[in-house]
Asks: 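Quick one: the structure is below, questions incoming.
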Number of protein chains: 2
Amino acid sequence: MKALVLPAFERPEGMTTHDYAFARLRQAIMVGAFRPGTSVTIRGLAEALESSPTPVREALRQLTSIGALHFLENRRIVVPRITPARFEELISLRIVLESHAARRAVAHLSERQIDRIVAIDEAIEAAILAGEKAAALIANQQFHRQIYTANPDQIAMPLIESVWLQLGPILGIAMEHVAELYVVDRHREAIEALRRRDEDAVAEAIGADIREGIGGFDQQAIAKLLSLAG
Amino acid sequence: MKALVLPAFERPEGMTTHDYAFARLRQAIMVGAFRPGTSVTIRGLAEALESSPTPVREALRQLTSIGALHFLENRRIVVPRITPARFEELISLRIVLESHAARRAVAHLSERQIDRIVAIDEAIEAAILAGEKAAALIANQQFHRQIYTANPDQIAMPLIESVWLQLGPILGIAMEHVAELYVVDRHREAIEALRRRDEDAVAEAIGADIREGIGGFDQQAIAKLLSLAG
DNA sequence: ATTATTATTTTGTGATCACATTTTCAGAAA
DNA sequence: TTTCTGAAAATGTGATCACAAAATAATAAT
């Protein structure tokens with residue numbers, strides 16, 4: 001078992017080792033640093049993170065609870081495999097959850113907050129132009145998160161992030177094999193609908209954004225990506 | 001801090017201490033054994049479960065990850081507080097998630113499986129007649145779970161169970177203060193729609209089941225229940 | 001050469017300890 | 001009496017160890 005290399009991560013001053021381990025592993029999964037089916041071990045990750053096993057164990061309990069990793073029957077921990085059918089379930093669930101979260105956020109959004117969302121959209125475009133796929137993915141998530149968290153009573157965000165995490169590994173493969181990830185987006189429509197405070201139009205734009213964005217990968221395309229990943 | 005008493009739980013042969021701790025705590029939260037705002041400690045729970053702190057710590061990482069408990073800024077662990085607005089978010093998210101999950105399960109259900117769902121519905125009725133509220137709540141969940149898990153590629157179930165868990169503490173209060181919890185249900189309609197393989201009717205019946213069941217507690221009723229709980 | 005058995009290694013689990021951080025309590029000062 | 005300060009207690013964190021369970025490798029039997 002060769003030494004594991006994780007994407008770089010800046011640990012903030014005073015962050016506990018457990019929180020650092022969790023945040024770093026979560027980010028790595030989110031940007032596709034682990035392939036579907038990959039086994040991880042407590043000691044392997046502890047070594048890569050330069051920590052003792054305890055914080056890693058606790059982080060792994062969290063990551064398995066949010067669907068980012070799976071505990072197998074034999075107690076091994078793996079990055080979940082994905083099938084075209086499961087990909088479709090993830091996308092359809094994303095559409096349902098995020099349309100709903102967007103709809104319920106509309107009444108809470110100030111013009112200032114919408115300006116902030118516009119700025120994030122510009123950062124997405126910049127990342128795409130620069131060919132920085134992982135940065136575009138993260139910025140795209142921030143775009144969505146900024147909308148949904150405008151609702152102070154929202155509880156959908158952890159669920160939405162869990163779905164995003166489960167998409168991480170396949171999107172990681174996609175980022176290696178397709179020229180651009182967010183060719184299509186409907187962010188302009190979403191922003192316009194937000195400004196009009198039109199809940200139906202917002203939900204429609206968000207749903208279409210997902211469906212026509214990464215949801216555009218059909219079962220054949222997913223199967224092809226999975227075969228490319230070995 | 002007085003000794004904690006947890007609802008009884010039958011530990012299966014060979015179950016690891018961690019799995020037992022997690023399952024028992026999860027169940028306790030689900031049936032409302034903890035009040036919103038209650039603080040729990042690792043050592044307190046370990047004592048109640050007759051284990052060392054390690055498995056409890058790992059279980060707490062899981063429970064906080066699925067929304068059943070919250071880590072506070074000061075590192076304390078509490079049962080989340082709930083407001084009428086949050087209750088409404090939980091219900092509306094339940095409606096969206098479960099209608100969707102039901103819809104996507106329809107194509108996968110055999111007659112044999114539907115028979116099993118009917119049997120569960122009968123068990124719910126029996127529990128209601130016997131005045132066993134917690135048993136009715138668990139059986140009601142099993143009714144729903146049986147439908148949604150018919151879809152072999154479904155991924156919504158962990159999200160749905162997280163929402164159920166977040167409703168646990170307030171439903172626990174409700175069980176103490178209302179005569180019956182599931183006065184209204186739309187299980188018959190759901191079952192009929194399942195037999196007809198009518199996705200729209202299934203989604204509609206499940207949505208109505210939730211909306212007219214526990215979703216019938218309006219903001220005033222929730223505020224009243226919260227004040228009764230202290 | 002193949003299969004079964006045994007030994008070794010790897011990996012997860014639970015316990016315990018020391019330490020860091022937060023809360024509570026007691027005593028002193030205003 | 002109230003507020004402040006310092007000490008003690010409670011609580012979470014991380015490290016380490018031994019043990020249990022699973023996987024792999026080596027050896028023996030067919």
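So you know, we letter chains A, B, ... as the sequences are listed, proteins then strands, and number each from 1.
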Asks: Any donor-acceptor pair under 3.5 Å linking the side-chain atoms of A/Ser99 with those of A/Arg104?
Replies: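 Per modelled atom types, A/Arg104 and A/Ser99 side chains form no pair under 3.5 Å.
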Asks: B/Leu72 CG to D/dT13 P: how many Å, rounded?
Replies: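 About 12 Å, once rounded to whole Å.
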Asks: What residues form a salt bridge (charged side-chain N to carboxylate O under 4.0 Å, His left out) with A/Glu161, not counting sequence neighbours?
Replies: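 A/Arg26, A/Arg145.
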Asks: Can you check the B/Glu13 CD to D/dA21 P distance for me, whole Å?
Replies: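 To the nearest whole Å, that distance equals 12 Å.
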Asks: Any salt bridge linking A/Arg35 with A/Glu176? Criterion: basic side-chain nitrogen under 4.0 Å from a carboxylate oxygen.
Replies: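 Here A/Arg35 pairs with A/Glu176 in a salt bridge, since their nearest N and O are under 4.0 Å apart.
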Asks: What integer distance in Å separates A/Glu73:CD from C/dG12:P?
Replies: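 These atoms are roughly 16 Å apart.
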Asks: Kindly say whether B/Val178 contributes a backbone atom to a donor-acceptor pair with the side chain of B/Lys133 at under 3.5 angstrom?
Replies: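 Looks like yes, one N/O pair under 3.5 Å.
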Asks: Taking OP1 and OP2 of D/dA21, is either one under 4.0 Å from a side-chain nitrogen or oxygen of A/Asn74?
Replies: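 Answer no for this pair, as no side-chain N or O of A/Asn74 is under 4.0 Å from OP1 or OP2.
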Asks: Does B/Arg116 come within less than 4.0 Å of B/Glu111, counting only side-chain N to carboxylate O?
Replies: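 Salt bridge between B/Arg116 and B/Glu111, a charged N being under 4.0 Å from a carboxylate O: no.
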Asks: Which parts of nucleotides 13-18 of chain C does protein reach within less than 4.0 Å, heavy atoms only, written one letter per nucleotide 5' to 3' as B for base, S for sugar-phosphate only and - for none?
Replies: BBBB--
Asks: Between atom CD in A/Glu47 and atom C1' in C/dT10, what is the gap in whole Å?
Replies: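 That distance rounds to 14 Å.
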Asks: Which whole-number value in Å describes the distance from A/Leu69 CG to C/dG12 P?
Replies: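 It works out to 12 Å between those atoms.
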Asks: Do A/Arg11 and A/Tyr20 meet the cation-pi criteria used here (NZ or CZ under 6.0 Å from the six-membered ring centre, within 45° of the axis)?
Replies: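 Satisfied, under 6.0 Å and within 45°.
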